[in-house]
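Below is one structure, written out as structure tokens; comments come after it.
Note that ligands are numbered from 1 as they come in the structure, with each ligand's atoms numbered from 1 the same way.
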Amino acid sequence: MAHASNLSRRRLLHAGLAVAALPLAGCAGLGGGPSIGRVVVVGGGYGGATAARYLRLWGGNVDVTLVERYASFVSCPISNLVLGGHKQMSDITVSYAGLEAIGVKRVQAEVVAIDVQAREVRLTDGRKLPYDRVIVSPGVDFMLDQVAGLAAPAAQEKILHGWKAGPQTAALRRQLEAMPDGGVYALTIPKAPYRCPPGPYERACMVASYFKQYKPRSKVLVLDANPEITSKKGLFEKAFADHYKGIVEYRANNELKSVDAATNTAKLEFDDVRADVLNVVPPQRAGDIARTTGLLNMNNRWAGVNWLTMESTAVPGVHVLGDATFSAPAMPKSGHMANQHAKVAAAAIIQVLKGAPVNAAPVVMNTCYSFVTALDVVHVASVHQYDAAEKTFKPVPGSGGVSTAANQVEGRYALSWAQNIWADMLAT
Ligand SMILES: Cc1cc2nc3c(=O)[nH]c(=O)nc-3n(C[C@H](O)[C@H](O)[C@H](O)COP(=O)(O)OP(=O)(O)OC[C@H]3O[C@@H](n4cnc5c(N)ncnc54)[C@H](O)[C@@H]3O)c2cc1C
């Protein structure tokens with residue numbers, strides 16, 4: 001109950017702010033007066049949307065433009081429930097109207113380049129958006145060259161990842177629905193680091209929950225490139241044994257080497273696996289725009305940042321959030337963490353624009369819920385404090401942990417978490 005009343009209080013607060021902001025939306029900003037600077041945000045996901053909102057809330061009069069290729073936000077968290085048939089695409093889709101109501105200028109377009117000398121963001125249609133600071137939160141793109149055969153158009157059409165929520169989520173659900181009872185669904189997991197460490201194991205549970213009810217002779221085969229389950233290990237092992245015995249088979253140290261789209265076959269080091277539905281989560285790196293902007297100074301894969309400001313350590317004036325960053329020790333690539341990065345960046349950018357010092361001791365936290373059945377959930381949580389000597393965030397000893405057992409109370413918390421974070425980032 002405490003949860004529910006907090007939620008409604010926050011909603012009211014958000015609604016109040018949105019209404020108060022409306023008359024000012026076309027003027028200088030929430031706080032009135034001249035703009036203190038122009039910030040362009042690239043990517044309207046967990047990091048970018050949160051940054052856009054908090055720049056408006058905290059900055060008063062920052063001129064904020066959010067560029068996102070899609071018309072609406074579609075959430076990866078909860079998308080595994082769509083695959084399990086427990087939620088619909090409409091349940092994980094949220095409009096950007098709340099951000100526009102607080103004065104964020106939204107542009108639906110593809111960013112093709114960021115000219116860091118001219119300080120402008122370039123769009124597909126040739127438009128140029130000048131900025132004082134730019135925030136890049138593009139999420140991940142896939143290293144298709146790491147899996148032979150996967151980049152071919154025929155493979156791309158048939159072998160889905162479902163690792164960016166949207167059309168692929170719906171298409172993967174359709175493949176599962178079309179699969180005959182007695183079929184095999186194979187899910188391949190890349191070596192860490194990848195987006196959402198517990199996500200693949202939650203997916204295995206959700207697909208298995210669907211098979212258990214509707215296609216009980218079917219199998220979920222988890223082919224993991226890692227030596228063991230990378231997050232909430234004991235809890236997932238227990239879920240596989242308690243709920244999905246005879247349905248889920250987990251194989252560690254099974255790295256995908258190539259695919260044959262014609263036969264829907266995953267080729268591993270010692271084995272070939274033919275599946276009715278082959279779901280490949282490919283190895284990942286920061287989104288393309290981070291690469292073409294020259295931000296990937298960590299293994300040519302991730303963007304290094306100054307954790308006090310989230311400013312790139314490769315290119316001044318560019319701030320990077322979320323999955324695209326080279327993670328601090330024990331920091332997950334999660335939506336919750338991208339939301340926290342965004343708040344550090346928004347606060348720091350406002351200070352920089354005002355010529356004031358930034359917070360020297362930020363603290364961020366993460367909670368990640370995973371559904372193991374349609375109702376039962378397990379969590380992992382952590383708190384990360386900035387360490388001035390090592391210039392990075394470090395986990396606070398004893399601060400986090402995991403559930404003792406899967407339970408339905410956390411099932412309700414997980415759904416509340418999703419509603420809350422969508423309200424927090426999108427001002428709904
Ligand atoms: C199945 C699954 C389950 C998950 N469950 C959870 C969970 O329970 N809890 C949790 O905290 N996290 C979860 N995650 C992880 C979470 O989704 C990511 O960590 C989070 O989305 C990262 O935020 P981001 O801002 O870095 O990227 P995103 O949220 O992916 O946002 C990036 C945005 O940038 C846009 N974009 C990229 N390039 C361009 C361009 N050039 N021009 C215009 N727009 C562009 C994209 O369209 C996208 O909207 C899950 C992920 C998956 C796949």
Measure the distances from the heavy atoms of [X] to every atom of ligand 1 and state whether one is below 4.0 angstrom.
X: G199; answer: no
X: A109; answer: yes
X: G287; answer: no
X: W417; answer: yes

Considering heavy atoms of the protein only, find what lies nearest to [atom] and give residue, atom and distance to 0.1 Å.
atom: atom 4 (C) of ligand 1; value: C196 SG, 3.4 Å
atom: atom 26 (O) of ligand 1; value: D323 N, 3.0 Å
atom: atom 52 (C) of ligand 1; value: C76 CB, 3.4 Å
atom: atom 21 (O) of ligand 1; value: Y46 CD1, 3.4 Å
atom: atom 31 (O) of ligand 1; value: G45 CA, 3.2 Å
atom: atom 39 (C) of ligand 1; value: R69 NH2, 3.4 Å
atom: atom 47 (O) of ligand 1; value: E68 OE2, 2.8 Å
atom: atom 37 (C) of ligand 1; value: P138 O, 3.5 Å

Considering the heavy atoms of [X], write down every atom of ligand 1 situated less than 4.0 Å from one of them.
X: Y70; value: 47 (O)
X: A338; value: 23 (O)
X: K333; value: 19 (O)
X: N80; value: 1 (C)
X: Y369; value: 8 (O)
X: G322; value: 26 (O)
X: S79; value: 1 (C)

Residue portion contacting ligand 1 (non-hydrogen atoms closer than 4.0 Å) for [X]:
X: R195; value: side chain
X: C368; value: side chain
X: S334; value: both
X: F73; value: neither
X: N366; value: neither
X: E110; value: both
X: R203; value: side chain

Do [X] and [Y] have side-chain atoms, one donor and one acceptor, less than 3.5 Å apart?
X: N61; Y: S35; answer: no
X: Y131; Y: T65; answer: no
X: T50; Y: K343; answer: no
X: H319; Y: E311; answer: no
X: E410; Y: N407; answer: yes
X: N366; Y: S382; answer: no

Where the closest heavy atom to [atom] is concerned, which of [options] has it?
atom: atom 40 (C) of ligand 1; options: V121, V111, V377; answer: V111
atom: atom 5 (N) of ligand 1; options: G43, P198, P77; answer: P77
atom: atom 32 (C) of ligand 1; options: P197, A342, S137, A51; answer: S137

Practice task
State whether the number of non-hydrogen atoms from other residues, nucleotides or ligands found under 6.0 Å of K238 atom NZ is greater than 12.
Solution key: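 Check fails, neighbour count at 12 or below.
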Practice task
Compute both the distance and the angle, then confirm whether K333 meets the cation-pi test with W302: under 6.0 Å from the six-membered ring centre, within 45 degrees of the axis.
Solution key: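 The answer is yes; both the distance and angle limits are met.
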Practice task
May I ask you to establish whether R173 and Y210 are in a cation-pi arrangement, using a distance under 6.0 Å from NZ or CZ to the six-membered ring centre and at most 45° from the ring axis?
Solution key: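 R173 over Y210 ring: yes.
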With nothing but distance in play, are any N or O atoms of [X] less than 3.5 Å from an N or O of ligand 1?
X: G335; result: yes
X: G47; result: yes
X: H336; result: yes

Practice task
Report yes or no: does S312 contribute a side-chain atom to a donor-acceptor pair with the main-chain N or O of V305 at less than 3.5 Å?
Solution key: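 The answer is no, because no donor-acceptor pair under 3.5 Å joins these two groups.
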Problem - Q385 (side chain) donor-acceptor with V396 (main chain) under 3.5 angstrom - result: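 Answer holds: no.
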Exercise for the section: Begin from the C-alpha positions of R203 and N279 and carry the test side chain to side chain donor-acceptor pair (under 3.5 Å) through to its verdict. Expected result: CA-CA 10 Å; R203 176 167 294 183; N279 180 190; 3.1 Å; yes
Practice task
Would you please indicate yes or no on a ring centroid separation below 6.0 angstrom for H341 and W307?
Solution key: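 Ring-ring flag for W307/H341: true, centres closer than 6.0 Å.
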Write down the atom of [X], the atom of [Y], and the distance for their closest heavy-atom approach.
X: L66; Y: G44; result: CD1-CA, 3.8 Å
X: W417; Y: P77; result: CZ3-CB, 3.7 Å
X: M206; Y: A374; result: CE-N, 4.1 Å

Problem - Basic-acidic side-chain contact under 4.0 Å: R53, D424 - result: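 Result for this pair is yes, salt bridge flagged.
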Exercise for the section: For the pair W422 and F73, name the ring-plane relationship: parallel under 30°, tilted 30 to 60°, perpendicular over 60°. Expected result: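 Perpendicular, since the angle between the ring planes exceeds 60°.
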